[in-house]
4 protein chains.
Amino acid sequence: MSINKEDSEKFQTLFTENLNDTALSDKQKAVLFASLTLFSQNGFDRTNTKDIALLAGVAEGTVYKQFKTKEGILKGILDPVIKTIVPKTINDFINSMVNTSYPSFEKFLYAIIKNRMTFIFDNLPQIKILLHEILTDQELLAEMTKNISESSANHFLVVLKHYQENGELVNWEPIRIIQYILAINVSYVLPTIINSHSKINLDSACLEATEFLLKGLTP
Amino acid sequence: MSINKEDSEKFQTLFTENLNDTALSDKQKAVLFASLTLFSQNGFDRTNTKDIALLAGVAEGTVYKQFKTKEGILKGILDPVIKTIVPKTINDFINSMVNTSYPSFEKFLYAIIKNRMTFIFDNLPQIKILLHEILTDQELLAEMTKNISESSANHFLVVLKHYQENGELVNWEPIRIIQYILAINVSYVLPTIINSHSKINLDSACLEATEFLLKGLTP
Amino acid sequence: MSINKEDSEKFQTLFTENLNDTALSDKQKAVLFASLTLFSQNGFDRTNTKDIALLAGVAEGTVYKQFKTKEGILKGILDPVIKTIVPKTINDFINSMVNTSYPSFEKFLYAIIKNRMTFIFDNLPQIKILLHEILTDQELLAEMTKNISESSANHFLVVLKHYQENGELVNWEPIRIIQYILAINVSYVLPTIINSHSKINLDSACLEATEFLLKGLTP
Amino acid sequence: MSINKEDSEKFQTLFTENLNDTALSDKQKAVLFASLTLFSQNGFDRTNTKDIALLAGVAEGTVYKQFKTKEGILKGILDPVIKTIVPKTINDFINSMVNTSYPSFEKFLYAIIKNRMTFIFDNLPQIKILLHEILTDQELLAEMTKNISESSANHFLVVLKHYQENGELVNWEPIRIIQYILAINVSYVLPTIINSHSKINLDSACLEATEFLLKGLTP
DNA sequence: TATGAATGAGCTTTCATTCAT
DNA sequence: AATGAATGAAAGCTCATTCAT
């Protein structure tokens, strides 16, 4: 199995679909998108509701129709990410992982990396906002990890153990292995998170990351 | 929000030394430390000058004596980090690296990692503030990298090349190697950056990181 | 300081008309009138926005809706005077002067004096504010004279020349004659400018001024 | 008699002498001069004590040694003008007038005009400050006129009456005659009051003013 | 449902004034 | 007497939020 184009387009539109599910008028959606854009560009505190209204093309009052407060808009953006998008994505991925037996740890590694990177790229604005909030609100992170780990992290551990017993993966603590995989992933994406205009080649990044991690994680 | 007095008394490293060099009165230093603490705890925008004055034990007017504006205080905190502390630390480190010939790439790697991690732990609040600002102000990062790379990055590259020619280090682009080293470093420090109360064992972290990076970077 | 509500209701002339032209809400007009009153009573610097809001019967935030700053309000008051009201008044007057052939210099003199004095009385608060500003901001005067002289001062000079050639007016430089006429006018109005409660009889003032100027300016 | 150069230098230094009389240290005098300069340039409200200290070359605390408040400095500048300098000047002038019998109303007129104009030029900064204050503080003017008229205005009226009975001066109310003389005087000085850099020729101004007033005030 | 004028709490900043040195 | 760091009241201004239309 490999994460194909269709998969990546699924993540990209999860946020939008999520919007479409709820019965939001066009103006309300415009408010949410404008907020997403401005929050990720300038930060929550440096975005005012007047500018949101301006960018959304609505009146200031309309900004408050759906979410009662400015912070409500923030939650309206982050809650789906924390509670739905991330867990759902992870579940989908792990399920496909369990169902598909990867021929080698290398293929497996490449798959995770591509999946993770694609997800990050597809949700850049939300991730940037999350980063901002996590720096000051520690409960956010706690809630997020809770939603992830409780859902299906155990399945992932099983797969890791499989490769360890197979002799393809060093016998380190799973958390340590995950830490390295995430770190290398993030190191490729960070420039784009910070500067939206910087572009990287996703494919070669995945290949490079896999190459290094494979060397570092093979016994 | 709660103002944590103990936190503000911990950061007694280069930043403090740097302060003592400048002729600041005790109250002015208190203002700077209070700002450092609150900015890193709650973020710049969610810190008001009244609370800074309160934590520093001075009047609100005193907050504005040294740095004319609130943003001036932010610069007063970040400028030394960007322009002096980071470059100085890097120079010191590289000089010691050039003078000391490490017997192996492993020793060399361990030395960098320990140095880097120690630096990050010693400057946690400033780094947290920097992170916040970098997310919205891209020029900050540009200026920082300028100060770093122009000073002595070339020396570092020479050392890397030495190990590559020696057959101890893979023949990848130096930037890629540095990226991995930094990523692994940061992955150990991140929990502490986000949650100041989470503690890690610096020594075992360095050993672990060295172990992994050595595997990944040896040809 | 006491806020005099009656005063603020008196200035119902060109300034008010000018306001009605622009699409200002009642509250915005109230802000402008309150500012006019307080600025002229106590001076710009001794008027605070809280008192403006109080006199206007609005919230403090409302004071900043139309004109973004306190100085913006000052400009909102003085700009029409400098750029519109004064030039328009002068043009109207000169046009009527050119169209109407006065039987004698005396009639002509009386007409100007009455016109000038009436204008000053009708715009007392604005003039008082202007005076204050002119004392510290010399560019204001420059801009005002530019707006006046360039518009139609030449027409006035033609009329003066006519009376000089007719033998009814001394052969002095026009600027000198105008200076005297203005000076005498102002001398009658000054007490009212300084103390709003001092009242003069406009008609007898005009007659007296005409009598003196006629003696002084007849060959 | 004519107002000679020596006379005019007497007025010019009255303010300084007044300072020297009081036991003020050099620094205290510097504070007073700096205040005089800045108050007249920028207005009382737009002058801060830091700038006064800076211009005077003293510490901020020193500004408060002599006059306990900023308003105290203003009084320290204006009180001598109102209570001493103006009355003394007027008394000196009227005494010299009474003692010297002017051969004609013309000579008399010229003498007053020159005296008045010279006085104004010699006290420009104080007059500018006075103007500012009079616009918002009506009691100031009241106190000033009280000090003037009570001292020796009556003497002046006697002289006017003399010329009226002599047939050299129209039979108008003395206050009206004084008003015109002052108005014409002020009209010559005003440009310099507003813009300190504009210079006029004092002698020709006096001759012109005399010429016009004589025509206007001769029966 | 959408509007946008109005609100007022809360923020940053200034500056006359004090006082230990 | 002179200093200048420190003060804190008060000012200008912003902006999330409300509500009559």
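For clarity, every value in this text was computed on a predicted model and none was experimentally measured. Note on naming: letters A, B, ... go to the chains in the order of the sequence lines (proteins, then strands), and numbering restarts at 1 for each one.
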Exercise. Want to settle it: does Thr47(B) or Lys27(C) sit nearer the 5' end of DNA chain E, counting the closest nucleotide to each?
Worked result: Lys27(C)

Seminar exercise, completed: Re dT17(E): Watson-Crick or G-U wobble partner, both distances kept under 3.5 Å, found to be dA6(F)

Seminar exercise, completed: Between CG of Asp26(B) and C1' of dA5(F) the distance, given in whole Å, is 12 Å

Problem set entry | N/O donor-acceptor pair, side chain Lys65(B) with base dA6(F), under 3.5 angstrom | yes

For this session: Write down the distance between CG (Asp45(D)) and C1' (dA11(F)), rounded to a whole number of angstrom.
Result: 13 Å

Exercise. Over how many whole Å does the gap from Lys70(C) atom NZ to dA11(F) atom P extend?
Worked result: 9 Å

For this session: Taking only the side-chain nitrogens and oxygens of Thr49(A), find out if one of them lies under 4.0 Å from OP1 or OP2 of dA16(F).
Result: yes

Problem set entry | Salt bridge Asp79(B)-Lys75(B), side-chain N to carboxylate O under 4.0 Å | no

Exercise. Is any side-chain nitrogen or oxygen of Ser25(C) closer than 4.0 Å to OP1 or OP2 of dA5(E)?
Worked result: no

Exercise. Within this structure, what is the CG-to-P distance between Asn48(D) and dA9(F), rounded to whole angstrom?
Worked result: 21 Å

Exercise. Between atom NZ in Lys50(A) and atom P in dT17(F), what is the gap in whole Å?
Worked result: 16 Å

Seminar exercise, completed: Side-chain contact check for Ala59(D): nearest option of dT12(E), dG4(F), dG4(E) is dG4(F)

Exercise. Under 4.0 Å: is that the gap between some side-chain N or O of Thr69(D) and OP1 or OP2 of dA16(E)?
Worked result: no

Seminar exercise, completed: Here the distance between atom C1' of dT12(E) and atom CG of Leu38(B), to the nearest Å, is 16 Å

Exercise. Are any non-hydrogen side-chain atoms of Leu74(B) and Glu133(B) less than 4.5 angstrom apart?
Worked result: yes

Problem set entry | First encountered from the 5' end of DNA chain F, between Gly61(B) and Tyr64(A) | Gly61(B)

For this session: State, with a plain yes or no, whether a side-chain heavy atom of Phe44(B) is found less than 4.5 Å away from one of Lys70(B).
Result: yes

For this session: Classify the nucleic acid contact of Val63(D) as base, sugar-phosphate or nothing, counting any heavy atom under 4.0 Å across all strands shown.
Result: nothing

Exercise. Atom CZ of Phe67(B) and atom C1' of dT13(E): how far apart are they, to the nearest Å?
Worked result: 16 Å

Problem set entry | Nearest-angstrom distance from the residue atom CD of Gln66(C) to C1' of dC13(F) | 16 Å

Exercise. Is the phosphate of dA6(F), meaning OP1 or OP2, less than 4.0 Å from a side-chain N or O of Gln28(B)?
Worked result: yes

Exercise. Heavy atoms, side chains only, cut-off 4.5 Å: are Asn123(D) and Val81(D) in contact?
Worked result: no

For this session: Can you figure out which of dT12(E), dG4(F), dA16(F) approaches the side chain of Glu60(D) most closely?
Result: dG4(F)

Exercise. Of the options Ile52(B), Thr49(B), Leu55(B), Leu24(B), which is the one that meets Val31(B) in a side chain to side chain contact (heavy atoms under 4.5 Å, CB included)?
Worked result: Ile52(B)

Exercise. According to the Watson-Crick and G-U wobble definitions, with both distances under 3.5 Å, which nucleotide is paired to dA11(F)?
Worked result: dT12(E)

